[in-house]
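See structure below.
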Number of protein chains: 2
Amino acid sequence: MNEFNDQRATINDVARLSGVSKRTVSRVINNSPKVGKATRLKVQKIIDDLNYSPNAQARGLAARRSYLLGMIYDNPDALYINDVQRGVLSICRKFGYELVVHPCDMQSDTLIDEAVSFVNRSKLDGVIILPPISENNDLAGALGSANVNYVRLASIALDTARHVVISNERSAAAAMAEYLVKLGHRRIGYISGPRRMRSTRERLEGFCDALEKHGCKPDDDMIALGAYTFESGIECTRKLMANTNPPTVIFASNDEMAVGAINAAQDMGLKVPRDLSVAGFDDSILASRIMPPLTTIRRPVQDMARHAATKLIASIDGRNDEADVSIILVPELVERTSTRSL
Amino acid sequence: MNEFNDQRATINDVARLSGVSKRTVSRVINNSPKVGKATRLKVQKIIDDLNYSPNAQARGLAARRSYLLGMIYDNPDALYINDVQRGVLSICRKFGYELVVHPCDMQSDTLIDEAVSFVNRSKLDGVIILPPISENNDLAGALGSANVNYVRLASIALDTARHVVISNERSAAAAMAEYLVKLGHRRIGYISGPRRMRSTRERLEGFCDALEKHGCKPDDDMIALGAYTFESGIECTRKLMANTNPPTVIFASNDEMAVGAINAAQDMGLKVPRDLSVAGFDDSILASRIMPPLTTIRRPVQDMARHAATKLIASIDGRNDEADVSIILVPELVERTSTRSL
DNA sequence: CTGAAAGCGCTAACAT
DNA sequence: ATGTTAGCGCTTTCAG
């Protein structure tokens, strides 16, 4: 490390000192195979001595590459976002990319223009889009026609394999149904997410279809429309329990609502799981901290993120086979003590 | 928007179409005052028509500016990180900066080299460092001698005003002490964070000093050494309550531990707050979701982040007066129902 | 396998 | 107030 020199070394310095041309140094940096072994070693030595690292901006300008990936989201769940960031970054590191984050407002009517402008302005090589924004086909379309590489995280195949990484929430919800039936429950309440989200439908249909197979499809009064919020969990639980024949278990389709359900139950003087079982979806930090600990479904968030980043970089690098591999992950059921056998 | 042209417009296109030189266009882009009003309007019109936006890489290369800020952290608390990101980004947007995130491993012995290399490689204009990494003076020193602009988020003035934004956790902890004493508590238990962190000392000393003023300085057996984790909260609570004269309230110095304390209490057959009051620190999502809802202290995280970003950008722009303003924020006490009056 | 030279799109002295 | 001319540090034809 040259502690005394404020100026960082450039490719010219390396070329001069190692007695080769810029072009050759560039080849060494980029691991081109067309460099003699001796030359490579000589150049590499100078690079190490100088503690040289190429200027990303200059490189990007010349090569039309920024080595920057973007992440676009409007998700209230900080834990989810953080997990995705970590997952994406673990792959970025391997390939020399950095991650630029871009939270935004889903409802904004300039959402699409803003997203495209974000990518263009920063010359991002690609973007990863998180749910629920990932479900916006217009956004994906705009990105596609602007020739932007993108991968969406989703619960269903809403794009070609190249552009999406899927967690099969339908089958995860079905697994929860199986589990609750096996515990002996027949009166089963369900709290859904907001209508406009795809995950809402996936989870609901997966759950109901599986129950139907066991001959206990829930009546309409066993299904409450929530909003993925704590408060809506409370409200829906009240509604569900007000039925003349209330459920013995409530499956809230995310943990926030499940925690709301537990709180509501306690308010009503019901003990969970003695008087009412409760299950959630997400395995957020809340799930393991709440009393009683919540039976829930763990989405493979970091895995999805890693796959998305891998796909994206493959796509940027033109490794089409890899970019086009179909990725479908299955969340797993986490059994805790908020659900009991009847 | 020119939908049919794959190539984005460049400054040359704008110059040619508006019949002025590149230099003048550049002046318009950068809001230089030395441009005639008519010229400015004419150029701006072309810019709008072409939907032109300058290439950040080229701009950065020429001006030695990337318009990229970095965020360095190793913090288990996703909510905190997310809050900081949002805060920083709200300022970034105003000034045309983007944010590159960089979680890392505090324990790594290449931490410092990696951080410096991160900044150099990506040509970041500045970085914001989160606790507890922000407490690493060697890192700050290395950044400083590498001429990197940085701002640290901290609980104490561990750098010059330009380089730090402070939340006064000492006085916040003191406020909690006052509050508990006012509720009538005298036997007061404390669960600290890990020794190596500054915030641990700040919170502990602030708390104890305030109690001392009221003549109820806690004995050594009323202070348990935790680790800011859920499990350590449980363990420390057990220890505290095993005293012959156990506390009537436990102040855990973060919410995770406070939630552990509540769980431990319930395990021991104690009802919170009837048999034991519990208070936390952070006002994390857990605080409002747990039963009973947690009395805690809310750190002004987004505010700190905004101040840090503002400072950093001022410093980059050479607005020294602004960069050197001293920022000390005070967290506020949030009263909920996990603490009761004796 | 290596080198010379022409840019990538922008800013910044230095004119005018 | 505006234009000319060099670069910023790198990649990339195109030659050898």
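Below, read A as the first sequence line, B as the second, and so on, with proteins coming before strands; counting in each chain starts at 1.
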Can a cation-pi geometry be assigned to B:Arg93 and B:Tyr97, taking NZ or CZ under 6.0 Å from the six-membered ring centre and within 45° of the ring axis? no
Nearest whole angstrom, please: distance from the C1' of D:dA1 to the CZ of B:Arg40. 11 Å
Whole-Å distance, A:Asn55 CG to C:dC10 C1', equals 14 Å
Does the pair B:Asp125/B:Arg64 count as a salt bridge with the N-to-O cut at 4.0 Å? no
B:Lys34 NZ to C:dA12 P, in whole Å, measures 12 Å
CZ/B:Arg59 to OG/B:Ser26 distance, rounded to the nearest 0.5 angstrom? 8.0 Å
Do any side-chain nitrogens or oxygens of A:Thr24 fall under 4.0 Å of OP1 or OP2 in C:dG3? yes
Atom CG of B:Asn31 to atom P of C:dA12: distance rounded to whole Å? 14 Å
Rounded to the nearest angstrom, tell me the gap between atom NZ in A:Lys123 and atom C1' in C:dC10. 12 Å
For the pair B:Glu98 and A:Arg121, find out whether any cationic side-chain nitrogen is under 4.0 Å from an anionic carboxylate oxygen. yes
Do B:Ile29 and B:Tyr52 make a side-chain contact, defined as non-hydrogen atoms from C-beta onward lying under 4.5 Å apart? yes
Is a salt bridge present between B:Lys22 and B:Asp13, judged by a nitrogen-to-oxygen distance below 4.0 Å? no
How does each nucleotide of nucleotides 11-16 of chain D score, in 5' to 3' order, for protein heavy atoms under 4.0 Å: base (B), sugar-phosphate only (S), or none (-)? BBB---
Does a side-chain N-to-carboxylate-O contact under 4.0 Å join A:Arg86 and A:Asp83? no
Using heavy-atom distances to pick each residue's nearest nucleotide on DNA chain D, tell me which of B:Val35 and A:Gln57 is more 5'. B:Val35
In whole angstrom, what separates A:Tyr67's OH from D:dG9's P? 19 Å
Rounded to whole Å, the CG-P distance (B:Asn12 to C:dG7) equals 12 Å
Salt-bridge test for B:Lys45 and B:Asp48: reply yes if a basic N is under 4.0 Å from a carboxylate O, no otherwise. no
Mapping B:Ser21 and A:Leu61 onto DNA chain D by nearest heavy atom, which one lands closer to the 5' end? B:Ser21
Could you work out how much the helix from C:dC1-D:dG16 to C:dT16-D:dA1 bends, comparing the axis of its first five pairs with that of its last five, to 10°? 30°
What one should report as the nearest heavy-atom pair of A:Lys311 and A:Ala161 is NZ-O, 2.8 Å
